[in-house]
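Everything quoted here is computed from the prediction, not taken from an experiment. Chain letters run A, B, ... following the sequence lines, proteins first and then strands; every chain starts at 1.
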Protein chains: 2
Amino acid sequence: MTDEASFLAEYDPRDYPAVAVTVDVVALTIRDGKLCVLLVERGEQPFAGHRALPGGFVRDEPLDEAALRELAEETGLHPGEGPLERVHLEQLRTYGDPGRDPRMRVVSVAYLAFAPHLPEPTAGSDAARAFWIPVEDAKDLAFDHDQILAEGLDRARDKLEYTPLATAFVDREFTVSELRAVYTAVWGEELHAGNFHRKVLSVPGFVESTGETAARGGERGGPRAKLYRAGDATLLHPALLRPTREDRIR
Amino acid sequence: MTDEASFLAEYDPRDYPAVAVTVDVVALTIRDGKLCVLLVERGEQPFAGHRALPGGFVRDEPLDEAALRELAEETGLHPGEGPLERVHLEQLRTYGDPGRDPRMRVVSVAYLAFAPHLPEPTAGSDAARAFWIPVEDAKDLAFDHDQILAEGLDRARDKLEYTPLATAFVDREFTVSELRAVYTAVWGEELHAGNFHRKVLSVPGFVESTGETAARGGERGGPRAKLYRAGDATLLHPALLRPTREDRIR
DNA sequence: AAAATAGTGTCTGTGAGACACTATGAC
DNA sequence: GTCATAGTGTCTCACAGACACTATTTT
């Protein structure tokens with residue numbers, strides 16, 4: 001029934017209230033070893049004073065482009081260049097229950113963005129109202145954004161297991177320890193350093209050696225680590241399974 | 001920028017052409033050992049005479065409900081009762097590129113539906129134009145529905161690995177062989193009967209025994225198989241990995 | 001009787017995780 | 001020197017997949 005005739009035949013304005021389409025972005029990065037999400041402070045009703053995910057109305061553009069544009073606007077960066085060049089963007093889910101926005105029917109396409117350490121949005125710019133905050137402190141968000149964030153985090157944690165997503169959180173060249181810190185931050189669990197090391201190097205295409213060595217050892221001592229780049233794998237096989245939690249199963 | 005003030009301040013009709021929101025459903029079932037998808041024949045332009053996924057405009061209802069309603073309308077069944085009672089519905093992805101529908105901006109929320117053997121839509125009813133067709137014969141669909149179907153199939157094949165989704169394709173009570181037939185049909189690969197049997201029974205919560213035995217043996221002979229119900233697991237652990245295909249990794 | 005299937009036993013290779021250990025470098 | 005870290009070695013257990021085999025049922 002996507003055809004025009006049946007659309008017109010069955011059209012009833014009460015059935016089809018004006019619908020707005022927006023994108024909302026769950027942008028994640030790691031700062032000081034903590035997984036952080038980008039939020040904005042709402043100035044207007046409803047939910048004035050509450051925090052919310054960055055987002056906005058879709059223009060005459062693809063949905064992915066709208067998400068990247070919103071992320072750029074809120075961070076004060078330019079899409080596709082500089083720090084935003086390496087951002088990984090993927091669609092999360094679409095939220096469209098009537099009543100999720102008290103003003104009108106809003107269908108929101110949620111996106112998940114992963115970025116290596118973006119700069120703090122600068123005061124004075126358009127992006128002044130945006131800020132990074134540890135995900136465990138991001139509560140009581142506007143609209144249904146608590147739920148969107150929760151589902152985004154679930155997705156991120158899952159994808160670390162079977163995709164090389166973790167490399168999107170580190171610099172182009174990184175050590176195995178830095179990669180492990182990503183897993184630790186996102187999963188919230190310590191991983192055995194030795195086993196993690198062997199595992200990462202054994203998965204084909206996950207990382208490739210640069211031949212270089214880090215300029216210095218760890219902050220609190222230790223030998224200088226070898227540097228790696230992301231490999232060409234799109235799926236990790238065998239996967240890097242997180243410690244099994246019985247409660248995830250049922 | 002989901003607030004009303006900034007919406008009005010920045011509003012420009014050229015930026016926000018009328019947007020329609022639809023749902024499209026990739027409904028999968030297994031008929032005669034083949035994975036089949038529900039399609040409709042389009043009568044109107046554009047794509048008149050082409051086949052398309054069932055779908056339609058979203059009314060004043062949650063998105064999930066719209067998907068179930070469309071599925072019910074096209075199959076001539078009643079949502080939530082009878083054969084549609086056990087349908088598994090989940091959101092797939094949202095497609096909204098400008099130009100994907102030549103008439104206007106249409107943002108379509110695609111759903112994936114899994115059902116045990118639904119009846120053929122009856123001729124004479126509203127659903128007469130809908131039909132089941134093996135997925136390998138579903139080509140040249142209208143709009144971007146080829147892509148939506150392809151992504152739906154990918155998702156279905158993935159979810160068989162780590163969720164008990166396969167049980168949504170069989171009757172409430174089933175044999176291990178019937179379950180294996182689902183995997184064979186969806187993955188398009190033969191599985192070793194003995195190993196599959198042991199594996200299924202070893203995954204906690206995947207299936208539970210009814211204590212009963214099938215009324216008769218296989219069509220071409222063999223002992224009568226024990227009957228099982230779906231268990232309470234939502235994730236299979238360890239997962240039932242499909243034979244590794246090197247090309248899936250890169 | 002013949003053929004197909006249900007279900008089990010067994011062996012092997014791989015990989016995850018626990019633990020131990022060496023070497024290196026920051027402080 | 002002290003301590004934390006990088007990276008490797010080794011052992012054990014779980015599991016996937018190959019193969020073999022028995023028992024049971026249909027044609």
Side-chain angles (χ1 to χ4, degrees), chain A residues 33 160-162 170 173-184 187 189-207 209-228 233 235-246 249, chain B residues 33 160-162 170 173-184 187 189-204 206-207 209-228 235-246 249:
Chain A
L160 279 203
E161 288 192 297
Y162 55 91
V170 292
E173 298 199 346
F174 53 87
T175 67
V176 174
S177 287
E178 288 166 351
L179 199 61
R180 179 162 49 84
V182 172
Y183 279 88
T184 305
W187 284 349
E189 309 192 55
E190 289 304 318
L191 297 173
H192 182 101
N195 290 338
F196 180 86
H197 192 99
R198 177 184 20 239
K199 172 71 185 174
V200 165
L201 297 189
S202 75
V203 176
F206 190 5
V207 300
S209 175
T210 66
E212 306 288 304
T213 298
R216 48 157 293 162
E219 291 188 24
R220 292 182 288 269
R224 295 183 300 161
K226 294 177 187 160
L227 290 173
Y228 298 87
L235 286 175
L236 303 185
H237 187 84
L240 251 148
L241 298 178
R242 78 184 108 163
T244 309
R245 308 232 344 228
E246 201 57 42
I249 294 180
Chain B
L160 280 203
E161 288 193 297
Y162 55 92
V170 292
E173 298 198 347
F174 53 87
T175 67
V176 174
S177 288
E178 288 166 351
L179 199 62
R180 179 162 48 83
V182 172
Y183 280 87
T184 304
W187 285 349
E189 308 192 55
E190 289 303 317
L191 297 174
H192 182 101
N195 289 337
F196 181 85
H197 192 100
R198 179 186 13 241
K199 173 70 183 174
V200 165
L201 297 189
S202 77
V203 175
F206 191 5
V207 300
S209 175
T210 65
E212 306 288 304
T213 299
R216 46 156 296 161
E219 290 187 22
R220 292 181 289 267
R224 296 184 298 164
K226 294 177 186 159
L227 290 172
Y228 297 88
L235 286 175
L236 303 184
H237 188 85
L240 250 148
L241 298 178
R242 78 184 109 164
T244 309
R245 306 234 345 226
E246 200 56 43
I249 296 180

Rounded to whole angstroms, how far apart are [atom1] on [X] and [atom2] on [N]?
{"X": "B:Tyr228", "N": "C:dA6", "atom1": "OH", "atom2": "P", "result": "11 Å"}
{"X": "B:Phe206", "N": "D:dC15", "atom1": "CZ", "atom2": "C1'", "result": "17 Å"}
{"X": "A:Glu190", "N": "D:dA4", "atom1": "CD", "atom2": "C1'", "result": "14 Å"}
{"X": "A:Leu179", "N": "D:dT5", "atom1": "CG", "atom2": "P", "result": "17 Å"}
{"X": "B:Phe196", "N": "D:dA18", "atom1": "CZ", "atom2": "P", "result": "15 Å"}
{"X": "B:Leu201", "N": "D:dA16", "atom1": "CG", "atom2": "C1'", "result": "16 Å"}
{"X": "B:His237", "N": "C:dG15", "atom1": "NE2", "atom2": "C1'", "result": "13 Å"}
{"X": "B:Arg242", "N": "D:dG17", "atom1": "CZ", "atom2": "P", "result": "13 Å"}

For the [atom1] atom of [X] and the [atom2] atom of [Y], what is their distance to the nearest 0.5 Å?
{"X": "B:Tyr228", "Y": "B:Leu179", "atom1": "OH", "atom2": "CG", "value": "11.0 Å"}
{"X": "B:Leu240", "Y": "B:Tyr183", "atom1": "CG", "atom2": "OH", "value": "4.5 Å"}
{"X": "B:Phe196", "Y": "B:Leu201", "atom1": "CZ", "atom2": "CG", "value": "9.5 Å"}

*Check the pair B:Val182 / B:Phe174 against side-chain contact (heavy atoms from CB on, under 4.5 Å), numbers first and verdict last.*
CA-CA 11 Å; B:Val182 172; B:Phe174 53 87; over 6 Å; no
*Mark up nucleotides 19-27 of chain D, 5' to 3', with B wherever a protein heavy atom is under 4.0 angstrom from a base atom, S wherever such an atom reaches only the sugar-phosphate, and - elsewhere.*
B----BBSS
*Remember a base hit wins even if backbone is also touched, and classify A:Ala214 as base, sugar-phosphate or nothing at under 4.0 Å, heavy atoms.*
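The residue A:Ala214 makes no contact with any strand.
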*asked:* Counting the atoms with a prime plus P, OP1 and OP2 as sugar-phosphate, which does A:Arg180 contact under 4.0 Å by heavy atoms, base, sugar-phosphate, or nothing?
replied: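 If one applies the 4.0 Å heavy-atom cut-off, A:Arg180 turns out to touch the sugar-phosphate alone, with no base involved.
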*Check whether any side-chain N or O of A:Thr213 sits under 3.5 Å from a backbone N or O of A:Arg224 as a donor-acceptor pair, and report yes or no.*
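Looks like no, no N/O pair under 3.5 Å.
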_Whether B:Lys226 side chain and B:Thr210 backbone form a donor-acceptor pair below 3.5 Å_ =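 No, B:Lys226 side chain to B:Thr210 backbone: no donor-acceptor pair under 3.5 Å.
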*Start at the 5' end of DNA chain C and walk down; is the nucleotide closest to A:Leu241 or to B:Ala225 reached first?*
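First, find each residue's nearest nucleotide; the 5'-ward one identifies B:Ala225.
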*Contacts of B:Arg242 that satisfy salt bridge (charged side-chain N to carboxylate O under 4.0 Å, His left out) - sequence neighbours left out*: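 Salt bridge (charged side-chain N to carboxylate O under 4.0 Å, His left out) check on B:Arg242 returns B:Asp158, B:Glu161.
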*Considering only C:dT5, C:dG15, D:dT8, which nucleotide approaches the side chain of B:Ser177 most closely?*
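Output: C:dT5.
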*Between A:Glu178 and B:Pro243, which has a closest nucleotide on DNA chain D that is more 5'?*
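Result of the comparison: A:Glu178.
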